[in-house]
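Have a look at the structure below, then the notes.
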Amino acid sequence: MSHTRYHSSIVWLRRDLRLSDNPALYHACQQSQQVIIVYIHADDDDSPWAMGSASRWWLHHSLTALQQQISQLGGRLILRSGPAHTTLDSLIAESGAEAVFWNRRYEAAHREQDRLVQTQLAQQGVPVHDYQSGLLFAPGTVLNKEGLPFRVFTPFWQACQKLGLSQTLLPAPAQLHTSTINSLSLADLKLLPSISWGQGLQAEWQAGEAQAHRLLQAFCEQALNDYPQARDEPGINGTSRLSPHLAFGEITPRQIINALLEHFICQTKDGGACDHYLRELGWREFAHHCLYHFPQMTSAPLNRRFAAFPWRHNPALLRAWQQGKTGFPIIDAGMRQLWHTGWMHNRVRMIVASFLTKNALIDWRLGAEWFWDTLVDADLASNSFNWQWVAGCGLDAAPYFRIFNPVTQSEKLDAHGRYLRRWLPELSTLPAKWLHQPWKTPETIQEECSIRIGIDYPTPILDLGSTRQQALLLHKQLPKLH
DNA sequence: CGCGCTTTATG
DNA sequence: ATAAAGCGC
């Protein structure tokens with residue numbers, strides 16, 4: 001059945017920086033004697049959500065890994081910059097490629113981009129083959145009985161499970177051919193930050209498909225069983241940390257699911273732990289499908305009652321939050337972890353987001369922008385969806401009265417203060433009793449531990465009790481819609 | 001993926 | 001008397 005239709009084809013890579021389970025690459029190889037694999041960098045094509053600094057850092061290293069993988073198979077990754085449609089156009093002219101293969105992206109800007117490229121190629125008579133690959137199901141295909149998008153997660157996820165989560169995976173090509181087409185060097189793309197901030201990221205991460213599968217394997221063997229409990233403790237390595245690999249398509253949800261199920265069957269591990277982790281992939285899926293149906297999700301509250309919400313203009317408070325100088329250890333630890341590693345523990349993300357939107361009453365969009373710039377796993381759908389979830393203005397969102405108390409959460413989830421001491425070394429000598437609320441530390445203990453609260457570590461920037469009451473009041477006063 | 005108050009269980 | 005469980009916002 002595999003018949004060669006084309007002498008040469010272009011595979012246009014975007015958020016699918018992998019060789020295995022890559023339908024565009026797989027089918028291009030099946031149908032062509034020669035494939036030209038290209039990555040095109042163009043900030044304008046992502047507008048208004050051009051990649052943030054941390055994502056650009058990751059991209060640089062992911063492309064490095066991919067270049068290496070491709071050349072090991074005898075091929076070559078072509079790098080270009082400029083708008084996709086014109087760049088593909090000149091690539092076709094230079095190479096004589098007869099077809100273009102890609103995996104679809106579903107964000108509004110990229111659907112628009114796909115349409116543009118598709119029309120242009122159609123005019124030249126160049127066939128396009130596009131595929132779904134980064135999600136479990138193509139957005140728009142999981143609908144309720146009325147044929148409408150789900151607005152609540154649980155029925156959505158049940159529908160997904162009914163459709164079947166496990167599918168066969170596509171193998172990586174066995175060999176590739178080199179190409180004489182001109183390519184930019186990776187340095188030309190200027191993806192790395194000018195400040196030395198990349199150092200912290202370098203120590204924490206290794207981008208690329210191979211590492212994604214190593215992490216997956218390690219997670220299945222070491223952490224999966226304890227996942228339901230361990231995932232909530234930021235002081236231990238209880239999560240898979242696959243998020244940036246998923247965000248760049250170095251690994252697919254299907255590959256993860258198959259590995260988990262295989263492990264579950266072979267090792268008779270706790271099926272509950274498996275389901276619990278799969279649910280998280282479900283939330284990612286739900287976020288992507290929601291963004292497809294409600295493209296305004298990135299910029300406007302999905303619950304229209306929040307349209308005129310009186311968010312506070314408070315640049316000083318926003319800055320303190322960004323820099324991890326609020327005086328609340330769990331908030332500051334999380335924000336510093338984010339800055340230093342480009343990642344924050346999931347549970348801590350909820351706590352810092354609740355603090356910003358409920359206690360500080362700062363617009364969730366400002367929080368989302370900061371995450372967008374600083375997260376190596378920044379994903380437009382998940383980021384927008386989850387910020388709206390915490391702010392209470394999204395689909396299936398947290399009820400307005402669910403306001404995280406950073407002290408209670410900290411005591412519950414980081415009882416021994418492992419996480420806090422790791423990210424707030426200035427507090428590391430404080431006994432656990434005071435660590436979660438250092439401003440209450442008696443003078444004598446402060447002296448014993450040689451810490452001066454207010455000097456070595458800030459006093460709280462706001463009062464938790466009164467700001468909570470204020471938020472509850474404002475949310476109760478939201479206008480009723482008719 | 002709360003909080004705080006009330007009710008109920010337990011020794 | 002205190003802790004766990006229940007419940008409305």
Side-chain angles (χ1 to χ4, degrees), chain A residues 150-158 226-236 238-240 243 272-273 275-287 290 297 301-303 305-306 309 328-331 333-335 337-338 343-361 364 367-368 371 375 377 379 381-415 419 436-437 460 462-480:
Chain A
F150 287 98
R151 296 174 149 268
V152 178
F153 173 72
T154 306
F156 169 83
W157 189 230
Q158 280 166 353
D226 299 326
Y227 180 73
Q229 301 81 39
R231 60 177 238 124
D232 280 334
E233 289 185 48
I236 58 182
T239 66
S240 70
S243 55
D275 292 343
H276 209 120
Y277 184 84
L278 291 189
R279 234 178 110 81
E280 298 306 311
L281 286 179
W283 280 103
R284 174 181 186 270
E285 189 79 12
F286 189 46
C290 286
M297 189 172 87
L302 292 180
N303 182 342
R305 293 180 73 190
F306 282 80
F309 192 85
F328 295 99
I330 190 72
I331 307 290
M335 298 309 290
Q337 180 183 33
L338 174 59
W343 188 84
M344 195 194 305
H345 187 276
N346 178 57
R347 188 62 192 238
V348 185
R349 293 189 198 194
M350 293 189 233
I351 303 170
V352 302
S354 171
F355 181 83
L356 188 76
T357 57
K358 306 283 179 162
N359 297 105
L361 283 173
W364 60 272
F371 272 29
L375 279 171
D377 62 25
D379 172 286
S382 297
N383 195 41
S384 316
F385 181 96
N386 287 322
W387 273 97
Q388 292 220 30
W389 185 90
V390 174
C393 59
L395 292 180
D396 201 11
Y400 74 92
F401 47 80
R402 192 175 287 161
I403 298 172
F404 288 85
N405 182 319
V407 179
T408 320
Q409 291 291 319
S410 181
E411 286 169 341
K412 208 187 282 184
L413 305 173
D414 191 38
Y419 183 71
H436 306 283
Q437 36 188 341
L462 50 74
D463 177 73
L464 289 178
S466 60
T467 52
R468 177 171 183 274
Q469 288 308 319
Q470 178 69 236
L472 287 171
L473 190 68
L474 279 171
H475 284 82
K476 270 185 224 172
Q477 289 170 350
L478 282 170
K480 301 269 178 286

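Remember, predicted model here, so these are calculated numbers, not experimental data.
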query = When you list every nucleotide of DNA chain B with an atom under 4.0 Å from a heavy atom of chain A, which one comes first 5' to 3', and which comes last?
reply = B/dC1 to B/dC3
Parallel, tilted or perpendicular: ring planes of A/F286 versus A/W283, cut at 30 and 60 degrees = perpendicular
ask   = Can you name the one residue among A/N386, A/D379, A/L338 that meets side-chain contact (heavy atoms from CB on, under 4.5 Å) with A/F371?
value = A/L338
key: Closest approach of A/M297 to A/S384 (non-hydrogen atoms, all atoms of both residues)   = O-CB, 3.7 Å
note = To the nearest 0.5 Å, atom CG of A/D396 lies from atom SG of A/C290 at 8.5 Å
request  = Indicate, with a heavy-atom threshold strictly under 4.0 Å, whether A/N346 touches base, sugar-phosphate, or nothing.
outcome  = nothing
request  = Return the set of residues passing salt bridge (charged side-chain N to carboxylate O under 4.0 Å, His left out) with A/R231 (not counting sequence neighbours), or none when no residue passes.
outcome  = A/E280
If you restrict it to nitrogen or oxygen atoms, what contacts under 3.5 Å exist between nucleotides 6-9 of chain C and the protein, and what is each distance?
{"residue": "C/dC9", "atom": "O3'", "partner": "A/Y400", "partner atom": "OH", "Å": "3.4"}

query = Parallel, tilted or perpendicular: which describes the rings of A/F309 and A/H475, with under 30° parallel and over 60° perpendicular?
reply = tilted
key: Side-chain donor or acceptor of A/Q388 paired with backbone N/O of A/L302 under 3.5 Å   = yes
query = Has A/R151 got more than 12 heavy atoms of other residues, nucleotides or ligands less than 6.0 Å from its CZ?
reply = no
